[in-house]
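Since the structure comes first, as structure tokens, the remarks are kept for the end.
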Amino acid sequence: MADPVDFGFERVSPDEKTRRVRGVFDSVASRYDLMNDLMSGGLHRLWKRYAVGVAAVREGARVLDLAGGTGDLARLFAKAVGATGRVVLTDINHAMLAEGRDKLLDAGLAPGIAQCDAEALPFPDRSFDVVSIGFGLRNVTRKENALAEMRRVLAPGGAALILEFSRVAPALASAYDWYSFNVLPKLGRLVAGDEASYRYLAESIRMHPDQETLKAMMERAGFDSVEYHNLTAGVVALHVGRVY
Ligand SMILES: C[S@@+](CC[C@H](N)C(=O)[O-])C[C@H]1O[C@@H](n2cnc3c(N)ncnc32)[C@H](O)[C@@H]1O
């Protein structure tokens with residue numbers, strides 16, 4: 001039998017995690033953007049802008065956004081690569097992807113769309129200049145598989161960007177814990193009608209590899225010059241790995 005993996009603070013089979021993560025995002029899809037703004041006080045928009053700024057994509061670049069959900073990163077990338085570039089928005093979850101597709105179409109953008117698992121990408125080797133995953137890797141069942149796939153589809157000179165919750169500075173840890181375990185689930189219940197999914201969010205953040213551990217995982221996956229940028233005192237970290 002396959003080794004158990006984390007689903008929040010629980011240990012479950014890989015299939016069970018995949019199934020329960022799907023349940024989380026089926027449940028929250030229609031309220032996902034509103035919840036992000038409320039939970040982060042709008043900060044998630046700045047974190048995403050920062051990530052796209054660090055990517056420094058050229059006009060005409062090919063960008064793949066994994067676990068792209070409601071499309072915030074894809075929208076920013078689409079503006080950066082211009083009419084000659086290509087952005088592909090992907091996600092394993094149909095409900096989240098449908099929200100993203102509609103939002104981007106409403107904004108006058110027409111990215112490629114693909115429903116796919118970050119662990120098994122339906123794209124050829126070396127076919128993108130940038131691969132991003134925003135607040136997605138934490139939810140992926142076998143993170144090593146997703147990292148290997150990100151490395152595989154990047155062209156030489158390309159960059160992978162992983163934007164994810166990380167380990168907060170110790171001085172903020174107790175206030176952050178209180179907020180995460182008391183406020184977030186209640187907000188989830190009031191706004192999205194789903195307390196459990198937002199408890200999973202808080203738990204999954206605690207179980208996700210910290211900055212240095214994720215950096216080492218990216219190096220093991222074959223990325224060069226891996227670095228990370230702490231944002232908001234480490235509430236979030238942006239990891240960048242290159243392919244030479
Ligand atoms: C917290 S949302 C992030 C959405 C968006 N990237 C953002 O930053 O707002 C996490 C997304 O990861 C997706 N996801 C989870 N496991 C995945 C996998 N194995 N492959 C692709 N997407 C996955 C979920 O469906 C969900 O849309």
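Heavy-atom basis, side chains included; hydrogens, waters and symmetry copies ignored. Counting begins at 1 with the first residue of the sequence. Order of appearance sets the numbers: ligands from 1, and atoms from 1 within every ligand.
- Contact annotation for Ala146 and ligand 1: no heavy atom of the residue comes within less than 4.0 Å of the ligand.
- There is no side-chain donor-acceptor pair under 3.5 Å between Ser40 and Arg45.
- None of Gln211, Lys215, Glu212 except one satisfies the side-chain hydrogen bond (donor to acceptor under 3.5 Å, both in side chains) rule with Tyr228; the exception is Glu212.
- The shortest N/O to N/O separation between Gly134 and ligand 1 falls below 3.5 Å.
- Atoms of ligand 1 found under 4.0 Å from any heavy atom of Met96 (numbered from 1 in listed order, with element): 27 (O).
- Nearest non-hydrogen protein atom to atom 20 (N) of ligand 1 is Ala118 N, 2.8 Å.
- Side-chain contact annotation: Asp177 with Ser180, donor-acceptor N/O pair under 3.5 Å absent.
- Note on Arg19 versus Glu16: salt bridge recorded, some NZ/NE/NH1/NH2 to OD/OE distance being below 4.0 Å.
- Counting heavy atoms only, Phe135 comes closest to atom 10 (C) of ligand 1 of the residues Phe165, Tyr32, Phe135.
- Side-chain contact annotation: Arg242 with Ser225, donor-acceptor N/O pair under 3.5 Å absent.
- Heavy-atom proximity to Gly68, at under 4.0 Å, picks out these atoms of ligand 1: 5 (C), 6 (N).
- Aromatic rings from His44 and Phe135 are positioned such that their centres are separated by 6.0 Å or more.
- Distances between N or O atoms of Val140 and those of ligand 1 include no value under 3.5 Å.
- In terms of polar-atom proximity, defined here as any N/O pair under 3.5 Å, Lys48 does make such a contact with ligand 1.
- Between the side chains of Tyr198 and Asp194, no donor-acceptor pair of N or O atoms lies under 3.5 Å.
- The protein non-hydrogen atom at the shortest distance from atom 12 (O) of ligand 1 is Ala67 CB, 3.3 Å.
- Between Asp117 and ligand 1, at least one pair of N/O atoms sits closer than 3.5 Å.
- A salt bridge is defined here as a Lys NZ or Arg NE, NH1 or NH2 lying under 4.0 Å from an Asp or Glu carboxylate O, and Asp6 with Lys17 fails to meet this definition.
- Summarising the contacts of atom 14 (N) of ligand 1 with Ile92, Val24, Leu121, the nearest heavy atom is found in Ile92.
- When hydrogens are left out, the protein atom nearest atom 16 (N) of ligand 1 is Asn139 O, 3.7 Å; that is the closest non-hydrogen contact.
- A heavy-atom separation below 4.0 Å is found between Asp91 and ligand 1.
- For Asp224 (side chain) and Tyr244 (main-chain N/O), a donor-acceptor pair under 3.5 Å exists by modelled atom type.
- Within the listing of ligand 1, atoms 20 (N), 21 (C) sit less than 4.0 angstrom from a heavy atom of Cys116.
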